[in-house]
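One structure below.
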There are 2 protein chains.
Amino acid sequence: MKEINYNDIPLFEGIHPDNLNKLLICINSFKKDFEKGETIIMEKDKVPYIGIVLFGNVHLLKEDIWGNSSLLSYVGPGELFGENFAVSVEQESSVTFVAVEKTRVLFLAASKIIHTCENACSFHARIAENMFHLLGQKSISYMNKLEIMSKESIRRKLMAYISTLAQQQKSKYIKAPLSRTQLADYLSINRSAMTRELGKMRDEGIIDFDRNTFVIK
Amino acid sequence: MKEINYNDIPLFEGIHPDNLNKLLICINSFKKDFEKGETIIMEKDKVPYIGIVLFGNVHLLKEDIWGNSSLLSYVGPGELFGENFAVSVEQESSVTFVAVEKTRVLFLAASKIIHTCENACSFHARIAENMFHLLGQKSISYMNKLEIMSKESIRRKLMAYISTLAQQQKSKYIKAPLSRTQLADYLSINRSAMTRELGKMRDEGIIDFDRNTFVIK
DNA sequence: GTTGGTTTGTTGCAATTGCAACAGTTTGAT
DNA sequence: ATCAAACTGTTGCAATTGCAACAAACCAAC
């Protein structure tokens, strides 16, 4: 597995590669590897660090008292996770973060980002600004999922989800980053009912799909 | 209607009242009143300003192409709205903000908060820090709603929602800030099915309620 | 290649939920 | 005080969805 190029990490946008090493030391960063299925952060854990996925994938899970676990969100290379807990006053996680495959994470001390640096390094202001942007975007992406989840039927949830993917990816061929089981989990719908509905939608000529690739017609 | 005390606005926490006036001018703030039902920000509008509710209430609505409108979130006195759009790079709103009653809003220029002040006023750092906290919290509150929405039945959605309220309010008597119709809208469930389920839950002795006040037993 | 475990597709049946229509209640404006 | 409009509760019926159980396909490890 290969790490994402640091220039392609949105949090570091606008920061010259030459300064990046200095910055990474300044904000107490460190890397850690996780095996497939390993828990990165447990519910109730304190989260003083922001995580950036360098390679692999992370799922945010929430388990309720009846043992039903649901997939709230997923995070891929270059993206942040745990930021919202790390920048809050109460830094206790309300969800569990799990590596769904072999994953490498870069951790950064949140306090070093939200408080202005003692040395007042110039790139510090830039990373704080980037952080604002990303926090806003993360909120918006949750609103987006709320919109999907508020659809009244399985069909409309699927359409809303696939449409969102289509917007992100440019191609006519939309590749879902989740397996069927995971997708059902993500949309909080019954897996077999979902398969049934997907079949109907294909029969009616609304969509087509092969494995994890979808096409809207 | 009376405005919330500025000392009770989380964004201004830790800022001495004497400095507040100076700050409010520095960050280009202005007030605006809205009548009941009036739209504050429309979908697709640019959102360069962060809104703070001084009195009244604001609902975040999302309408889809079939005309189904759903209530994503609500914002009361002292709370922010539009921050996530305002601090993002692309500042276009994806939802509509509506005053549900007579409402006064204090608007602040987001750019003045996320960029460090030219005058480098000391309280500027503090408001930026507060902003980080609040952005994190907002994200967490959306995750919270996602958790509620991912429940598989009306009953569990209601229980999850009422439990959330119970955590916020300390009292045994939980007052819902939404009417029945609004609540059904907020949880994306059928209103009459919700009423039916609430009745069943009362019959079974799980909860009790009178109008908008609930008690979990 | 073989094997065991996981994922996916299929289908009948039961249960929940949405829908529609209507009656009773509350609210707000004049 | 009166009236209209919006909100809330009720109920029968239809439709969607969840559930369970099983078969088929796929994957990974040896």
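Below, read A as the first sequence line, B as the second, and so on, with proteins coming before strands; counting in each chain starts at 1. Fair warning: this is a prediction, and the values are worked out from it, not measured in the lab.
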Requested in this report: Starting from C1' on C:dT7, measure out to CG on A:Leu198 and report it in whole angstrom.
Outcome: 15 Å
Query raised in the report: Can we say A:Lys151 and B:Asp64 salt-bridge, meaning some charged N sits less than 4.0 Å from an Asp/Glu carboxylate O?
Result: yes
Requested in this report: Assign the ring pair B:Phe97 / B:Phe81 to parallel, tilted or perpendicular, where the plane angle (0 to 90°) is split at 30° and 60°.
Outcome: tilted
Report task. Give the ring-plane orientation class for A:Tyr49 versus A:Phe30, where under 30° counts as parallel, over 60° as perpendicular and anything between as tilted. Result -> perpendicular
Query raised in the report: Should the ring pair A:Tyr186 and A:Tyr74 be called parallel, tilted or perpendicular, given that the plane angle runs from 0 to 90° and is split at 30 and 60?
Result: tilted
**Report entry** Set of side-chain hydrogen bond (donor to acceptor under 3.5 Å, both in side chains) partners for A:Glu43, sequence neighbours left out
**Finding:** A:Lys62
Requested in this report: Decide, yes or no, whether a salt bridge links B:Glu3 with B:Lys31 under the criterion of side-chain N to carboxylate O below 4.0 Å.
Outcome: yes
Query raised in the report: Could you run down nucleotides 11-20 of chain C 5' to 3' and tag each one B, S or - for protein heavy-atom contact under 4.0 Å?
Result: BB----BBBB
Query raised in the report: To the nearest angstrom, how far is B:Lys36 atom NZ from C:dA29 atom C1'?
Result: 11 Å
Requested in this report: With heavy atoms under 4.0 Å as the rule, sort B:Arg211 into base, sugar-phosphate or nothing.
Outcome: sugar-phosphate
Query raised in the report: Can a donor-acceptor pair be found between the side chains of B:Glu101 and B:Asn57 at a distance below 3.5 Å?
Result: yes
Query raised in the report: With the threshold set at 4.0 Å, does a side-chain nitrogen-carboxylate oxygen contact exist between A:Lys138 and A:Glu83?
Result: yes
Query raised in the report: Roughly, in whole Å, what's the span from CD in A:Glu101 to C1' in D:dA28?
Result: 16 Å
Report task. Could you check how far CZ of A:Arg202 sits from C1' of C:dG9, rounded to whole Å? Result -> 11 Å
Query raised in the report: Taking OP1 and OP2 of C:dT10, is either one under 4.0 Å from a side-chain nitrogen or oxygen of A:Thr195?
Result: no
Report task. Give me the residues of residues 157-166 of chain A where at least one heavy atom lies under 4.0 Å from an atom of DNA chain C, by number, or none. Result -> none
